[in-house]
2 protein chains.
Amino acid sequence: MNTAGKPGRPRTGEQRLSRAAILAAALRIVDDEGLEAMTMRRLAAALGVNPMSIYHHLPNKAAVFAGLAELVFAGLDDVRPRPGGPWQDEVKDAARAYRAALKAHPNLALQVLSDPSAVSDVVVVTVEPFYRALERGGLPPRAIFESVNTIVDFVHGFLLGELSVRAATFELAPDLVDRVQKLPDGKAPALTRVVNALGRDGLHYDFDGGFESALTLLVNGIESTAG
Amino acid sequence: MNTAGKPGRPRTGEQRLSRAAILAAALRIVDDEGLEAMTMRRLAAALGVNPMSIYHHLPNKAAVFAGLAELVFAGLDDVRPRPGGPWQDEVKDAARAYRAALKAHPNLALQVLSDPSAVSDVVVVTVEPFYRALERGGLPPRAIFESVNTIVDFVHGFLLGELSVRAATFELAPDLVDRVQKLPDGKAPALTRVVNALGRDGLHYDFDGGFESALTLLVNGIESTAG
DNA sequence: ACCTGAACACCGTTCAAGT
DNA sequence: ACCTGAACACCGTTCAAGT
């Protein structure tokens, strides 16, 4: 029901509903209560409106999520090139900004990443900082293209893992060590050896640290592949 | 309803239902009709059984999907080390096998990748071939650990993109050139330059080729980071 | 044009009752 | 122990009717 509880067209200038207002309310629900709380009926209730009113501004639920994806990527601040800094750092900064933008709405990011249309549609613009950095690195177009694809895919996969876990860091050790030691003998010998060599302390996984290590690996790979 | 259409416990040895039988039917539905076709009621119908019967073998729908994730990774054949081949090729083979296993059930892979419990639970064993290869490469334990994380994250992200395109009902091959040329001037200059330099033919994206390029980049990165 | 109420065709899951 | 039927509390979306 609306504010007056009456059907019919609202007075001119009243404009209780709009695409932007609907998306803002939807984003709020997703951020506060999670993805599956965002139903059309719940969204309508949050707006104080009949569920069907939404359909006059957005064709269906998928369109709501597509709109939310836009909002997420709109939060991706342009990465200004560091004055005089090495292009390698610029690549890393682009990746850091990309990760930060998606982490700003953790409940939504998983949906954005697995929604085909959302990803492909919006990546076109958000990928520019990577191209800028690699172009400045003097790489040939083909190498730039492949490198950006690789690094963006990595960030997507990294976020998949990171957002699936609650805390910023978590103890791999109790889980992993136990699990590895429970394995049938010789089932995963190399994994067992590495886990034992690292020990419990070495397995305390830190997502920020893991991200940085991977960026270094990737940038090194770009350099040695292109050079 | 069951075969007889009657309630009550089946005769001994009759055993119409089992966890394995339920999961097999569920996998069939997902493969044939897609993820969202796999509802508890649809699954029951496929088994010729009352929807509620399933709950005696699996606690809920999430457990069904978790069971399906196991099946997917069970399809990951052990990668035998190439006799006398370089360890770099062994790393690539591990990644190829991992990708192939997930692509064997494309409709399910997206679900598996975004399901936290599924991924972390099962990765423990499936990750062994990567550890074996990198250990043979003589890398220190820490470098092995970071490298495997990076490459697995990349494969996840790559699959996200690859399977999204395939799963998309409309808008199959997004024409990057068109989209870039429609952009406001100076919005993405570096991207525009690269796209123009590559031309239409150079942008016909081939997932197999893209995957191989990325693997080379990653292996080079591993080498130069550890060495 | 914009909003509403009722209705349709579904969901996952609980519960009590059958054998 | 295993299966069933009815029921509960939801869904997304269509449609006709209001102003």
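Both backbone and side-chain heavy atoms feed into the values below; hydrogens, waters and symmetry mates do not. Naming convention: chains lettered A, B, ... in sequence-line order (proteins, then strands); numbering from 1 in each chain.
- The listed nucleotides are dT4(D), dG12(D), dC2(C); the one nearest the side chain of His56(A) is dC2(C).
- The CD atom of Glu33(A) sits 15 Å away from the C1' atom of dC10(D) (whole-angstrom rounding).
- Nucleotide dA16(D) holds its P atom 17 Å from the OH atom of Tyr55(A), rounded to whole Å.
- When the nucleotides dC3(D), dC11(D), dT4(C) are ranked by their closest atom to the side chain of Leu17(B), dC3(D) comes out on top.
- In the set dG5(C), dG12(D), dC3(C), the nucleotide with an atom closest to the side chain of His57(A) is dC3(C).
- What separates CD1 of Ile22(B) from P of dG12(C) is a distance of 14 Å, to the nearest Å.
- If you check dC8(C) for Watson-Crick or wobble pairing at under 3.5 angstrom, you find it paired to dG12(D).
- Heavy atoms only, all atoms of each residue included: Asn107(A) and Asp31(A) are closest at ND2-O, 3.2 Å.
- dC2(D): Watson-Crick or G-U partner is dG18(C), with both key distances under 3.5 Å.
- Atom pair Asn50(B):CG and dA16(C):C1' shows a separation of 14 Å (rounding to whole Å applied).
- Rounded to an integer number of Å, the gap from Leu43(A) CG to dT13(D) C1' is 14 Å.
- Of the candidates dG12(C), dT13(D), dC11(D), dT13(D) carries the atom nearest the Asn60(A) side chain, counting heavy atoms from C-beta on.
- Here dC11(D) presents its P atom at 12 Å from CD1 of Ile54(A), a figure rounded to the nearest Å.
- The residue Met40(B) sits close only to the backbone: its heavy atoms come under 4.0 Å of sugar-phosphate atoms, none of a base.
- With C1' as the reference atom, dC10(C) and dC8(D) are 15 Å apart, rounded to whole Å.
- Remark: Arg99(A) fails to qualify as a cation-pi partner of Phe158(A) under the 6.0 Å distance and 45° angle criteria applied to the six-membered ring.
- Comparing the C1' positions of dC3(C) and dC15(D) gives a spacing of 14 Å, expressed to the nearest Å.
- Side-chain contact check for Tyr98(A) versus His156(A): some heavy-atom pair is nearer than 4.5 Å.
- For Ala101(B) against Val72(B), the heavy-atom pair with the smallest separation is O-CG1, 3.9 Å.
- As rounded to whole Å, 14 Å separates atom C1' of dA16(D) from atom CE of Met52(A).
- Base engagement by Ser53(B) is indicated by at least one non-hydrogen atom pair under 4.0 Å involving a base atom.
- In terms of heavy atoms, Ser147(B) sits closest to Leu217(A) at OG-CD1, 3.8 Å.
- Between Lys61(A) atom NZ and dC10(C) atom P there is a gap of 18 Å when expressed in whole angstrom units.
- Taking only side-chain atoms of Arg41(B), from C-beta outward, the nucleotide of dT4(C), dT4(D), dA7(D) with the closest atom is dA7(D).
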